[in-house]
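Everything numeric in this text was worked out from a predicted model, so none of it was measured.
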Amino acid sequence: MKDEKAFTERINRVLNEQVDQFDDENSRRLKQARMQAVEIVGRKHTQNWKPVIAFAFSILLGLAIIVWPKLDGFNDISSPVEDLDLLVADDSLQLYEELEFYQWLLVDETEAG
Amino acid sequence: MLNAFLAGTEKRAYRLAYIATQSNEDALDLVQEAMMTLARRYAERDEGEWPLLFHRILQNKIRDWYRRQTVKNKIFSWFQGDSDDGGNIEDNTIDTQTVEPERALQNENLGKAIEVALAKLPIRQQQTFLLRAWEGLSVNETAEAMGISIGSVKTHYSRAIAALRTSLGTFYYEG
């Protein structure tokens with residue numbers, strides 16, 4: 001048993017030496033093979049996300065189709081920027097300044113009519 | 001992670017495959033295929049499982065290679081009109097060696113002598129010996145890697161030791 005252990009250890013030592021003395025060309029080819037294998041894992045990770053992204057996109061698309069028509073009413077309402085333009089416009093200010101005149105005119109027309 | 005594991009394993013895997021096939025190209029192909037299979041099917045598994053999975057894949061590849069070679073040899077023998085029917089995986093080796101171990105020992109080429117002695121072993125004895133003695137796998141792990149029973153591992157291993165002792169007699173008794 002002791003002899004057997006020593007025997008296998010000697011064989012192991014020789015086999016280990018052969019591994020240590022590995023030639024460059026085979027090392028290069030093994031490295032190339034390893035890189036291809038690692039690349040497969042990288043591609044797999046990307047592919048794993050594809051269904052998730054597609055699902056999320058379809059959900060968003062569905063929501064957009066359902067919700068968009070309901071938002072149409074809001075589209076008629078002027079945006080705050082447009083309101084601001086109206087408020088800032090000179091003619092509006094003139095209208096407010098002459099508001100009393102227009103009120104008098106309205107009353108006068110009503111009485112005349 | 002997988003890159004580091006394969007980098008630490010590839011050269012020893014190549015030696016295992018080379019001793020089985022005695023062909024540089026075939027050994028490189030088998031290791032590459034084993035790497036690809038591990039990456040494709042088992043990369044998500046726990047890292048601790050990779051060594052045994054890799055050995056199992058490589059052993060399957062070696063076994064498939066051996067079967068293909070046996071079929072090729074049978075066809076070749078048939079065309080040659082040879083009555084030798086090839087043999088089975090348990091009892092036969094690919095006879096690619098012409099150098100006798102004793103002669104190589106006389107040339108003090110111990111590495112070559114060991115390589116020749118291992119190459120002359122039946123494939124299952126050879127791989128059982130390498131997995132148990134060199135890779136340090138337990139009997140159970142070797143059985144799992146090779147897809148054989150624990151009893152078969154023990155039998156193949158003891159037969160391999162006996163055959164190597166005969167082939168490398170001088171080397172065996174040297175200190």
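- Salt bridge present: A:R29 and B:E25 bring a charged side-chain N and a carboxylate O closer than 4.0 Å.
- Ring orientation note: the planes of B:Y157 and B:F129 are close to parallel, at an angle under 30° on the 30°/60° scale.
- For the atom pair CD (B:Q127) and CD (B:E135), the distance works out to 10.0 Å, reported to the nearest 0.5 Å.
- Scanning both residues, B:K61 and B:A34, for their nearest heavy atoms gives CE-N, 4.2 Å.
- Taking all atoms of both residues into account, the shortest heavy-atom contact from B:T37 to B:I57 is CB-CG2, 3.8 Å.
- Between B:H55 and B:A145 the shortest heavy-atom distance is CB-CB, 4.0 Å.
- Neither the backbone nor the side chain of A:D20 has a heavy atom closer than 4.5 Å to any heavy atom of chain B.
- Taking chain B as the reference chain and counting heavy-atom pairs below 4.5 Å, the highest number among A:E17, A:Q36, A:Q32 is found for A:Q36.
- A pairwise comparison of heavy atoms in A:A33 and B:Q32 identifies CB-CG, 3.6 Å as the closest pair.
- Heavy-atom neighbours of chain A within the stretch residues 8-18 of chain B, taken at a separation under 4.5 angstrom, comprise B:E10, B:K11, B:R12, B:Y14, B:R15.
- Shown here for B:H156 and B:Q125, the closest heavy-atom pair between the two residues is O-CG, 3.6 Å.
- Heavy-atom distances place no part of B:L38 under 4.5 Å from chain A, backbone and side chain included.
- With a 4.5 Å cut-off on non-hydrogen atoms, B:L6 touches chain A through its backbone and its side chain both.
- Chosen from A:N16, A:L30, A:V38, the residue pairing most often with chain B at heavy-atom distances under 4.5 Å is A:L30.
- In this structure, chain A has heavy atoms under 4.5 Å from both the backbone and the side chain of B:A7.
- Between B:I62 and B:A20, the shortest heavy-atom contact is CG2-CB, 3.8 Å.
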